[in-house]
Amino acid sequence: MILKLKEPLNLDFTLNSGQVFNWKKNNDFWEGFVNGKKTKLKKKGANLFFKGASKSEILSFFKLDESLDEIYQSILSKSGDLLLESLFKKYRGLRILRQEPWECLISFIISQNSSIKTIRKRIETLYSLNDGFPSAETLSKLSESDFRKMGFGYRSKYVKETSEIVASGFDLRKIKGRKFDSALEELKSLPGVGDKVGKCVMLFSLDFNEAFPVDVHIENVMKKFYHRERNIQEFAVKRFGAYAGYAQQYLFFSDVF
DNA sequence: TGTTGACCTCG
DNA sequence: GAGGTCAAC
């Protein structure tokens with residue numbers, strides 16, 4: 001199947017920017033999962049060749065319903081930020097994804113204090129449990145020691161407990177309609193979810209484009225270029241506006257890759 | 001309210 | 001030390 005792109009999309013930047021950990025590039029094809037469906041992608045000019053997920057699922061996954069150039073403009077006109085202006089040019093087509101919330105949540109819980117390579121391995125192990133990413137029900141039936149055997153370390157307890165809570169009715173989707181602070185608090189009530197993981201889940205799966213997750217890299221960037229050490233979320237929204245999360249992703253990407 | 005150390009595993 | 005969280009000061 002072919003999809004005509006009206007929006008800038010760079011697969012290499014987007015799928016390799018630390019938002020997802022289950023995509024691999026083989027030859028010219030990117031292979032991964034969209035809504036639990038194994039999907040192959042290849043881009044040639046404005047054509048996106050795809051197999052697996054449906055067209056509308058792919059449009060949603062890459063948030064192709066949002067105009068990236070308008071987002072750039074919105075951030076730049078508000079902030080006049082020269083660093084971001086250059087990064088938007090350099091990494092044009094790097095997009096924020098709209099992932100499946102449950103998978104996103106578990107991915108970032110087990111990502112803490114880990115290298116990207118280790119994270120990938122853990123997520124691969126989860127996929128190998130059954131067909132596709134295991135549900136909360138499935139994971140809630142495993143024990144903490146099962147997760148330790150998978151190499152999750154002290155995060156095993158978090159995965160076990162969060163799975164139980166979600167399996168018994170905690171609805172991730174209902175968080176979507178909440179206000180920012182309330183949504184973050186709700187997520188942080190889950191074991192293993194702190195400020196950083198909560199905001200990653202909000203930004204990468206729940207459409208909170210103003211979420212500005214702060215990890216070690218962003219902390220350094222904010223210190224170096226913006227002379228900021230605290231209240232970074234507040235600062236980011238004031239400076240960059242409603243799409244602060246996009247600014248975060250470009251700053252992160254330029255620092256890490 | 002803010003700071004500090006322990007926590008698992010992998011390369 | 002790696003894209004942190006939690007409990008104890």
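Since we're looking at a predicted model, the values are computed, not measured. First the proteins, then the strands, lettered A, B, ... as listed; each starts at 1.
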Side chain of [X] (C-beta onward), nearest among [options]:
X        : options              : result
A:Phe204 : C:dG3, C:dT5, B:dC8  : C:dG3
A:Arg230 : C:dG3, B:dC10, B:dT3 : B:dT3
A:Ile116 : B:dC8, C:dC6, C:dG3  : C:dG3
A:Asn113 : C:dG3, B:dC8, C:dT5  : B:dC8

Does a side chain donor of either A:Ser60 or A:Arg98 reach within less than 3.5 Å of an acceptor in the other side chain?
yes
What is the nucleic acid contact for A:Gln19, judged by heavy atoms within less than 4.0 Å: base, sugar-phosphate only, or nothing?
base
Please check if the side chain of A:Asn10 supplies one atom and the backbone of A:Asp12 the other of a donor-acceptor pair under 3.5 Å.
yes
Pairwise P distance for C:dG1 and B:dG5, with rounding to whole Å:
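Looking at atom P only, C:dG1 and B:dG5 are 14 Å apart.
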Under 3.5 Å for both donor-acceptor distances, Watson-Crick or wobble: does C:dT5 have a partner, and if so which one?
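Pair assignment: C:dT5 / B:dA6.
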Are OP1 or OP2 of B:dC8 and a side-chain N or O of A:Arg148 less than 4.0 angstrom apart?
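Result: yes.
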Whole angstroms only, please: what is the CD1-C1' distance between A:Ile123 and B:dC10?
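In whole Å, B:dC10 C1' and A:Ile123 CD1 are 15 Å from each other.
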Report yes if a donor N or O on one partner sits less than 3.5 Å from an acceptor N or O on the other, where the partners are the side chain of A:Tyr158 and the base of C:dG4; otherwise report no.
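Under the 3.5 Å cut-off, the side chain and the base do not form any donor-acceptor pair.
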